[in-house]
> 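Below you'll find the structure I mean.
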Amino acid sequence: MQEVLEIKSQELNAWEFIKIKSEEISKLVGSGFAINALSGGVDSSAVTMLGYKALGSRLKTYFIDNGIMRQDEPEQIVSIFRGLGVKVEIIDARDKFFAALKGITGPEEKREAITQAFYKDVFANLVRESKAKYLLQGTILTDIDETVAGIKRQHNVFEQLGINPQEEFGYKIIEPLVQLRKDGVRKLAQGLGLPESIFNRMPFPGPALAARVIGEVTPKKIDTVRAATSILEEELKDSGAFQYMAILHNDRATGMRNGKRDFGMQIEIRSWDSVDARRAMPTKLSFDKLSILSNRMVTEVAGVVSVTYNITSKPPSTMEAI
Ligand code: XMP
């Protein structure tokens, strides 16, 4: 396993980092093409801008619509980047991801199904069509730490696990952010001229809303968790929390609606205070805010009869539920 030298956020000189990494990327790719997938998260956004600075139109950027993103996310992100002069193509891969997730219930198996659908199917096709030899990717040091420690297999970590992407998928991966953690990437993203809605964007996991559904992921369950997520994001946008999420449980609970028993769905809310996601404490939300969240979710999200707030710290909890 290759040792990675960390650059701490306070040591990072964004301007110098951009210069060095752009030169490295441009040298590696030469006169060829590279491609990358933009999700709108700060990591993939920083990589997109860095790659764009290094390669210009020799970088092809795609937004893979996997069907498990938040409300209107593909259009919003593509429009932000269009404003910065970066062309992004949306690839509709919703059916492929739902087919890959069908019948799968285990957390690691779900992550693996998403990895395979993303890298082996959708992305491998794009690489083949675009004739790109390189994939630029925003893996950061925390992804590697947690994968190597066996806590969670981050969907984007390969070489550190001894997987050769060239042999497995037919392309080489360039990971320019691998020495940074989230706070360093935010500083870099700001240095790259990205807007605050991106450089201060709340983290959102690669497996997207599939990480927020316990048990099998179906389009219907994703619709439910997406609607709950929209309410949560609207209500907590000024909370100052590091990250918040709505989770759809697999178990049902008895509730009542219109005087009748309703064996309905349960949403768990988590909201975290944290600096770098390695340790986290639940946000001290007011009871009034929690009541608003609960009332809105049971009235606006069809089939939800129970809303809970998780008060565990990380560790021993992790931030995501799966
Ligand atoms: P956990 O759940 O490991 O989350 O405490 C720590 C941070 O990492 C994010 N996370 C992921 N990000 N791919 C990602 O890109 C993943 O598979 C993944 N799993 C967790 C999580 O949202 C939190 O910010």
Side-chain angles (χ1 to χ4, degrees), residues 36-48 63-64 66 68-70 73 77 97 100-101 104 106-119 123 135-158 160-161 163 173 175 177-178 180-186 189 198-214 217 225 229 232-233 236 239-247 268-283 310-322:
N36 81 311
L38 170 67
S39 69
V42 65
D43 306 343
S44 73
S45 296
V47 159
T48 300
F63 188 106
I64 312 290
N66 51 18
I68 49 179
M69 305 302 284
R70 288 166 291 185
E73 207 162 11
I77 300 301
F97 280 84
L101 285 163
I104 299 177
E108 291 303 301
E109 288 75 18
K110 279 198 261 188
R111 283 164 189 268
E112 185 57 21
I114 292 168
T115 300
Q116 294 291 334
F118 187 86
Y119 289 96
F123 232 76
L135 167 59
L136 269 179
Q137 166 161 285
T139 317
I140 65 169
L141 199 48
T142 317
D143 297 339
I144 293 176
D145 285 350
E146 295 210 340
T147 302
V148 172
I151 297 167
K152 254 172 217 188
R153 184 197 190 297
Q154 304 287 332
H155 72 291
N156 54 0
V157 172
F158 296 112
Q160 292 73 16
L161 289 175
I163 299 170
I173 295 186
E175 296 172 318
L177 310 185
V178 86
L180 307 178
R181 294 195 188 273
K182 205 58 114 187
D183 44 352
V185 181
R186 293 196 195 285
I198 296 283
F199 71 72
N200 263 342
R201 197 173 179 83
M202 184 167 65
F204 188 64
L209 295 174
R212 313 264 167 92
V213 170
I214 300 183
V217 176
V225 84
T229 301
L232 187 65
E233 294 195 348
L236 296 193
S239 65
F242 177 88
Q243 189 173 10
Y244 30 88
M245 56 199 66
I247 295 149
E268 173 191 333
I269 296 168
R270 295 184 180 194
S271 176
W272 298 105
D273 291 343
S274 178
V275 175
D276 57 13
R278 281 187 289 177
R279 305 181 71 80
M281 296 284 287
T283 312
N310 190 312
I311 51 169
T312 319
S313 300
K314 172 182 178 175
S317 177
T318 57
M319 295 174 78
E320 302 288 347
I322 74 152

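For ligands, and for the atoms within them, numbers begin at 1 and follow the listed sequence.
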> Do any N/O atoms on F242 end up under 3.5 angstrom from N/O atoms on ligand 1?
no

> Quick one: pull up CD in E268 and CD1 in I214 and give me the separation to the nearest 0.5 Å.
6.5 Å

> In Å, rounded to the nearest 0.5 Å, how long is the span from CG of D43 to CG of L38?
11.5 Å

> With respect to R212, determine whether any N or O atom, backbone or side chain, lies less than 3.5 Å from an N or O atom of ligand 1.
no

> Does only the side chain of M245 get under 4.0 Å from ligand 1, or the backbone, or both, or neither? Count heavy atoms.
neither

> Within the structure, is a non-hydrogen atom of A211 found at a distance of less than 4.0 Å from ligand 1?
no

> For E108 and K110: C-alpha separation, side-chain torsions, deciding distance, then whether salt bridge (charged side-chain N to carboxylate O under 4.0 Å, His left out) applies.
CA-CA 5 Å; E108 291 303 301; K110 279 198 261 188; over 6 Å; no

> Heavy atoms only, cut-off 4.0 Å: how does P203 contact ligand 1, side chain, backbone, both, or neither?
side chain

> Give the atom numbers and elements of ligand 1 that come within less than 4.0 Å of a heavy atom of R111.
16 (C), 17 (O), 18 (C), 19 (N)

> Considering only heavy atoms from C-beta outward, does the side chain of S313 approach that of P282 to under 4.5 Å?
yes

> If we only count N/O pairs under 3.5 Å, is M319 in contact with ligand 1?
yes

> Can you tell me how far apart CZ (F118) and CG (N66) are? Round to the nearest 0.5 Å.
8.0 Å

> Using a 4.0 Å cut-off to any heavy atom of K314, which atoms of ligand 1 qualify?
1 (P), 3 (O), 5 (O), 6 (C)

> What verdict does the salt bridge (charged side-chain N to carboxylate O under 4.0 Å, His left out) test give for R70 and E233, after you've listed the backbone C-alpha separation in whole Å, the side-chain angles of each residue and the deciding distance to 0.1 Å?
CA-CA 10 Å; R70 288 166 291 185; E233 294 195 348; 2.8 Å; yes

> Check the pair D273 / K314 against salt bridge (charged side-chain N to carboxylate O under 4.0 Å, His left out), numbers first and verdict last.
CA-CA 10 Å; D273 291 343; K314 172 182 178 175; over 6 Å; no

> Counting heavy atoms only, which of K110, R278, E320, K182 comes nearest to atom 22 (O) of ligand 1?
E320

